[in-house]
A.B. asks: 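Can you keep this structure in mind? I'll have questions shortly.
Any value given below was found using the heavy atoms of this structure, including those in side chains, with hydrogens, waters and symmetry copies removed. Chain naming here is simple, since letters A, B, ... match the order of the sequence lines and numbering starts at 1 in each.
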Number of protein chains: 2
Amino acid sequence: MGIVERKEREKEEMRKLILEAAQKLFLETGFEKVSIRNIADAIEYSPATIYLYFKDKNELLYAIHNIGFQKMVEEFQPALNLADPFDRLVEMGRRYFRFAFENPELFDLMFIMTAPMDSLACRDDDKWDEGRTAFQLLITCVQDCIDAGVFKYQDAEVAALMIWSAVHGNTALFLRKRLEMFEESRRKQLMEDAFTLFIETIHKGL
Amino acid sequence: MGIVERKEREKEEMRKLILEAAQKLFLETGFEKVSIRNIADAIEYSPATIYLYFKDKNELLYAIHNIGFQKMVEEFQPALNLADPFDRLVEMGRRYFRFAFENPELFDLMFIMTAPMDSLACRDDDKWDEGRTAFQLLITCVQDCIDAGVFKYQDAEVAALMIWSAVHGNTALFLRKRLEMFEESRRKQLMEDAFTLFIETIHKGL
DNA sequence: TTGTTTACTAAACAGTGTTCAGTACATTTG
DNA sequence: CAAATGTACTGAACACTGTTTAGTAAACAA
């Protein structure tokens with residue numbers, strides 16, 4: 001009686017269909033401008049159908065946020081293989097930037113928008129596992145730096161948070177257009193300089 | 001013939017009336033949840049009236065974003081009077097945090113939301129003067145630190161951007177609920193520790 | 001007392017997320 | 001096989017949203 005299994009498979013496929021259409025539309029048009037109706041049109045189903053597979057729009061956004069984390073972890077992989085822990089750290093920073101530049105909508109969803117987090121708040125079972133897992137990569141790297149004597153920090157978690165904040169802040173200010181006071185031509189160079197300066201500072205810093 | 005002046009005064013008062021009602025509603029309910037109709041109801045006018053004083057919702061948000069900057073600059077004033085430039089820098093950082101904690105909706109509008117910046121994009125006359133002015137305070141302070149020999153940085157602007165990024169990143173990650181993986185009790189302490197570590201790092205750093 | 005300008009609004013437009021009663025088909029049961 | 005049950009889906013509605021426009025009533029100028 002594989003009938004119930006087939007049904008489950010079909011259900012899974014439908015979820016995937018919705019998710020892929022949604023993702024495509026989002027990355028094309030931006031999250032703010034895509035409606036449930038747009039997604040429904042794209043897959044040629046009624047809007048109500050989507051609600052049979054996702055509780056609400058936030059849950060759909062959360063699902064795509066998850067896809068984003070998968071992608072990001074994949075793109076971080078090469079950095080994690082570098083021998084020197086400090087090189088590893090720097091490369092992780094660079095890849096954080098690059099991911100944001102190349103996937104601004106996805107990055108927004110993962111680290112800036114509130115909507116997907118609102119979905120998390122409704123079901124108290126997990127505490128943003130995706131974020132936790134990704135952040136753990138950074139903590140590990142920082143700990144390696146400490147162990148290798150590059151840093152003299154005591155607490156790898158605190159140091160990791162500081163480093164994440166610095167890199168994220170730069171990215172977020174740019175993505176949310178808070179660096180508009182700099183001429184467009186200088187902007188990217190300025191950001192890179194700020195990042196480089198940060199790296200130099202923590203390297204010599206402590 | 002003071003009649004035209006009275007009219008202008010009335011127009012200005014009406015703008016103020018709208019702005020104050022809007023601000024009150026926004027700070028009570030959050031920006032996402034307040035509609036033009038809500039504001040209109042609050043001041044007992046029709047929704048269409050608001051469009052006689054503001055081009056669209058983004059412009060209204062931009063006007064409130066401006067009020068936020070006035071408030072922020074006021075709250076920064078005491079920090080700017082400190083004798084030691086590095087103390088000044090640290091105190092500015094602390095006040096950035098505090099402003100964000102005490103006025104999360106306003107902070108969001110000033111540094112995270114896209115809507116008010118979309119308003120800016122439409123009229124190319126100025127390049128976010130409010131942001132530029134506030135950032136200039138930081139640059140000046142960093143330059144003072146360089147002059148006093150606390151920092152050996154070359155470029156005050158780049159250093160200021162790095163510092164702003166670090167402080168802002170921490171704040172933004174918190175406000176947008178990206179530190180949910182830490183238990184609520186630890187969260188604030190962790191943020192303070194990360195800030196302190198950053199301060200120590202740049203102090204000894206270069 | 002005209003004519004004109006100004007300030008305002010009712011109503012509509014085109015959209016949004018979401019819900020629910022109802023339908024048509026697949027599956028199970030007698 | 002036919003009847004009963006279960007499931008997947010949808011049309012249409014609800015209560016909103018930002019925004020525009022035609023029209024009105026009052027204030028002002030001639």
A.B. asks: Output the rounded distance in Å from CG (A/Asn38) to C1' (C/dG17).
C.D. replies: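 Result: 12 Å.
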A.B. asks: Compare side-chain N and O positions of A/Tyr51 against OP1 and OP2 of D/dC9 and report whether any pair is under 4.0 Å apart.
C.D. replies: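 Result: no.
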A.B. asks: Give a yes/no verdict on a cation-pi contact between A/Arg94 and A/Phe99, requiring under 6.0 Å between NZ or CZ and the six-membered ring centre and an angle within 45° of the axis.
C.D. replies: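 No.
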A.B. asks: Tell me whether the rings of B/Phe195 and B/Phe97 are parallel (<30°), tilted (30 to 60°) or perpendicular (>60°).
C.D. replies: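 If you compare the ring of B/Phe195 with that of B/Phe97, the planes turn out perpendicular.
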A.B. asks: Round to the nearest Å and state the distance from A/Ile50 atom CD1 to D/dT10 atom P.
C.D. replies: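 Spelled out: CD1 on A/Ile50 to P on D/dT10 is 10 Å.
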A.B. asks: Expressed in angstrom and rounded to an integer, what is the separation of B/Ile36 atom CD1 from D/dT19 atom C1'?
C.D. replies: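 Going from CD1 in B/Ile36 over to C1' in D/dT19 covers 9 Å.
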A.B. asks: What about B/Arg37: does its side chain form a donor-acceptor pair under 3.5 Å with the base of D/dG18?
C.D. replies: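 Answer is yes: a donor-acceptor pair is held.
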A.B. asks: Using a 4.0 Å heavy-atom cut-off across all strands, classify B/Tyr53 as base, sugar-phosphate, or nothing.
C.D. replies: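 The residue B/Tyr53 makes sugar-phosphate contact but no base contact.
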A.B. asks: Send over the distance from B/Leu60 CG to D/dT17 P, rounded to a whole Å.
C.D. replies: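 Taking atom P of D/dT17 as the reference, CG of B/Leu60 is at 15 Å.
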A.B. asks: Can you measure A/Glu8 atom CD to C/dT27 atom C1' for me and round it to whole angstrom units?
C.D. replies: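 Between C1' of C/dT27 and CD of A/Glu8: 16 Å.
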A.B. asks: Using modelled atom types only, decide if a donor and an acceptor are shared between the side chain of B/Arg95 and the backbone of B/Phe76 within a distance under 3.5 Å.
C.D. replies: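 Absent.
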A.B. asks: Name the residue closer to the 5' end of DNA chain C, choosing between B/Glu10 and B/Ala48 according to the nucleotide with the nearest heavy atom.
C.D. replies: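 First, find each residue's nearest nucleotide; the 5'-ward one identifies B/Glu10.
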A.B. asks: Respond yes when some side-chain nitrogen or oxygen of A/Thr49 is under 4.0 Å from OP1 or OP2 of D/dC9, and no when none is.
C.D. replies: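 No.
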A.B. asks: Taking OP1 and OP2 of C/dA7, is either one under 4.0 Å from a side-chain nitrogen or oxygen of B/Tyr45?
C.D. replies: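 No, B/Tyr45 has no side-chain N/O under 4.0 Å of OP1/OP2 on C/dA7.
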A.B. asks: To the nearest Å, how far apart are A/Asp41 CG and D/dT10 P?
C.D. replies: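 My rounded result for the distance is 11 Å.
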A.B. asks: From CD1 of B/Ile18 over to P of C/dC8, roughly how many Å is that when rounded to an integer?
C.D. replies: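 Interatomic distance, CD1 of B/Ile18 to P of C/dC8: 9 Å.
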A.B. asks: Is the closest side-chain heavy-atom distance between A/Phe111 and A/Tyr96 below 4.5 Å?
C.D. replies: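 Of all side-chain heavy-atom pairs linking A/Tyr96 with A/Phe111, at least one is under 4.5 Å.
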A.B. asks: Starting at atom CD1 of A/Ile39, determine the distance to atom C1' of D/dC9, rounded to an integer number of angstrom.
C.D. replies: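 Spelled out: CD1 on A/Ile39 to C1' on D/dC9 is 17 Å.
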A.B. asks: Look at the side-chain N and O atoms of B/Asn58 and state whether any lies under 4.0 Å from the OP1 or OP2 oxygen of D/dG18.
C.D. replies: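 It does not, given that no N or O in the side chain of B/Asn58 lies less than 4.0 Å from OP1 or OP2 of D/dG18.
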A.B. asks: Verify the contact: side-chain N or O of A/Ser46 to OP1 or OP2 of D/dG11, cut-off strictly under 4.0 Å; return yes or no.
C.D. replies: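 Checking D/dG11 against A/Ser46, no side-chain N or O comes under 4.0 Å of OP1 or OP2.
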A.B. asks: Report yes or no: is the cationic atom of B/Arg178 (NZ for Lys, CZ for Arg) under 6.0 Å from the centre of the six-membered ring of A/Phe135, at an angle within 45° of the ring normal?
C.D. replies: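 No; the conditions do not both hold, so B/Arg178 does not lie above the ring face of A/Phe135.
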